[in-house]
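Keep in mind that what you see is a predicted model, and the values were worked out from it rather than measured. Atom set for the values below is all heavy atoms of this structure, side chains included, hydrogens, waters and symmetry mates excluded.
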Amino acid sequence: MSFVDIGGWLMQGKQRRINGVAAVAAFGILALGAGCGSTPADGKQEAKPTGSRATAPGSPSSSASPADLKPVQGQQLRHYLLTADDLGPGYTQTETPDDKKAADPHRYDDMGVSGCPALKELGKHSDEVQFAAKTSIGFTFGADSTLGEELHSDAPSKLSAGLRRLVHAQTSCPTYTMTSGSTPLTVTVRKDDAPGPGPDAYAYTTTLTGPGGSQVLKTAAVRRSNVLMMLVGAPALVDRHIEAAIAKLPAS
């Protein structure tokens with residue numbers, strides 16, 4: 001399973017090296033378990049959904065019970081992604097759902113975690129937070145601000161359990177160390193207010209400090225029905241667009 005790669009977006013010059021690690025810290029084991037379980041979307045284009053809430057083929061109907069819902073695959077899942085039109089002026093798309101770099105299962109092989117037993121333990125059971133389908137997209141805003149979104153789909157009960165375990169592990173250690181190759185980075189994590197009602201809504205802010213400086217990312221995660229959405233990037237951008245991202249998800 002891979003995730004939105006924001007490497008190189010937020011920082012420039014000397015600080016560029018820590019960006020991929022920042023993305024790993026923001027999404028936790030979803031990144032460290034890269035390459036397993038998730039089905040990447042293909043690159044074919046489809047018509048944009050209309051209205052504030054997209055209706056994708058295969059999306060849940062009012063007659064389907066949660067136990068009956070099947071994962072939304074590939075092109076269908078893309079209907080729920082934010083677009084540049086949703087975000088407004090000033091945003092440029094920088095990653096497409098068929099991005100080959102984002103699908104590389106080895107791009108985080110040199111990264112490790114120490115000082116956080118919960119994250120290390122979750123790494124041993126990464127299959128519990130690997131889901132049936134995913135797609136992702138990324139944007140830049142201005143000179144150095146970024147926003148990335150990733151969607152996963154599976155049975156609602158599996159998404160809910162996996163998300164709870166992921167967020168618990170990611171926020172259980174206020175401070176720990178992440179290594180990128182031989183470079184140690186100090187990671188601090190702060191829980192934030194949930195971005196919406198319901199039990200499957202979480203947010204936290206991650207700060208990484210290394211030789212090149214510091215980088216701050218906010219992650220917001222919400223599950224609706226059989227789709228899990230994660231929005232990550234500059235805290236101000238995540239706060240600005242989280243409501244739009246939630247509005248595009250299927251009804252609970």
Just do the side-chain hydrogen bond (donor to acceptor under 3.5 Å, both in side chains) check on Arg190 and Thr205 with the steps written out, would you? CA-CA 5 Å; Arg190 183 193 73 228; Thr205 297; 3.2 Å; yes

Tell me, with the steps shown, if Ile246 and Arg224 meet side-chain contact (heavy atoms from CB on, under 4.5 Å). CA-CA 8 Å; Ile246 293 174; Arg224 291 288 185 270; 4.1 Å; yes

Under the criterion side-chain hydrogen bond (donor to acceptor under 3.5 Å, both in side chains), I'd like the reasoning laid out for Tyr91 against His241: C-alpha separation, chi angles, the key distance, then a yes or no. CA-CA 12 Å; Tyr91 288 85; His241 298 294; 2.6 Å; yes

Stepwise side-chain contact (heavy atoms from CB on, under 4.5 Å) check, Leu231 with Leu147: CA-CA 7 Å; Leu231 196 65; Leu147 186 70; 3.9 Å; yes

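Taking the side chain as every heavy atom from C-beta outward, Thr175 and Val187 never approach each other to under 4.5 Å. Between Leu87 and Thr83, every side-chain heavy-atom pair lies at or beyond the 4.5 Å cut-off. Looking at Leu228 and Leu151, their side chains never come closer than 4.5 Å, going by heavy atoms from C-beta outward. Side-chain contact between Val232 and Lys218: absent, with no pair of heavy atoms (C-beta onward) separated by less than 4.5 Å. Looking only at side-chain heavy atoms (C-beta outward), Met230 and Leu166 come within less than 4.5 Å of each other. Here the side chains of Pro71 and Gln73 are in contact, with some heavy-atom distance below 4.5 Å. Under the 4.5 Å side-chain criterion, counting only non-hydrogen atoms from C-beta, Pro117 is in contact with Cys173. In this structure the side chain of Lys191 never reaches within 4.5 angstrom of the side chain of Tyr202, judged on heavy atoms.
With rounding to the nearest 0.5 angstrom, the CG atom of Leu77 is 9.5 Å from the NZ atom of Lys134. To the nearest 0.5 Å, atoms NZ (Lys120) and OH (Tyr176) are separated by 13.0 Å. In this structure, the separation between OH on Tyr204 and OG1 on Thr219 is 4.0 Å, given to the nearest 0.5 Å. In this structure, the separation between CE on Met229 and NZ on Lys248 is 11.5 Å, given to the nearest 0.5 Å. Distance CZ/Arg165 to OG/Ser160: 14.0 Å, rounded to 0.5 Å. Once rounded to the nearest 0.5 Å, the distance linking CD of Glu150 with CG of Leu81 reads 9.5 Å.
Of all heavy-atom pairs spanning Val167 and Thr171, the tightest one is O-OG1, 2.7 Å. In plain terms, the two heavy atoms of Leu217 and Ala234 that are nearest each other are CD2-N, 4.5 Å. The minimum heavy-atom distance linking Gly233 with Val238 is given by the pair N-CG2, 3.5 Å. Nearest heavy atoms, Ala169 versus Leu122: CB-CD2, 3.7 Å. Nearest heavy-atom pair, Ala221 versus Pro195, reported as atom, atom and distance to 0.1 Å: O-CG, 4.2 Å. Of all non-hydrogen atoms in Phe131 and Lys158, the two that sit nearest each other are CE2-O, 3.6 Å.
For the pair Arg240 and Phe141, the cation-pi criterion (under 6.0 Å, within 45° of the ring axis) is fulfilled.
Of the candidates Ser153, Ser157, Ser225, Ser225 is the only one forming a side-chain contact (heavy atoms from CB on, under 4.5 Å) with Leu69.
Between the side chain of Gln93 and the backbone N or O of Ala84 there is no donor-acceptor pair closer than 3.5 Å. Side chain of Asp154 to main chain of Leu159: no donor-acceptor pair is present (N/O by atom type, distance under 3.5 Å, no hydrogens or angles).
Under the 3.5 Å distance criterion, with hydrogens and angles disregarded, a donor-acceptor pair is assigned to the side chains of Ser214 and Thr209.
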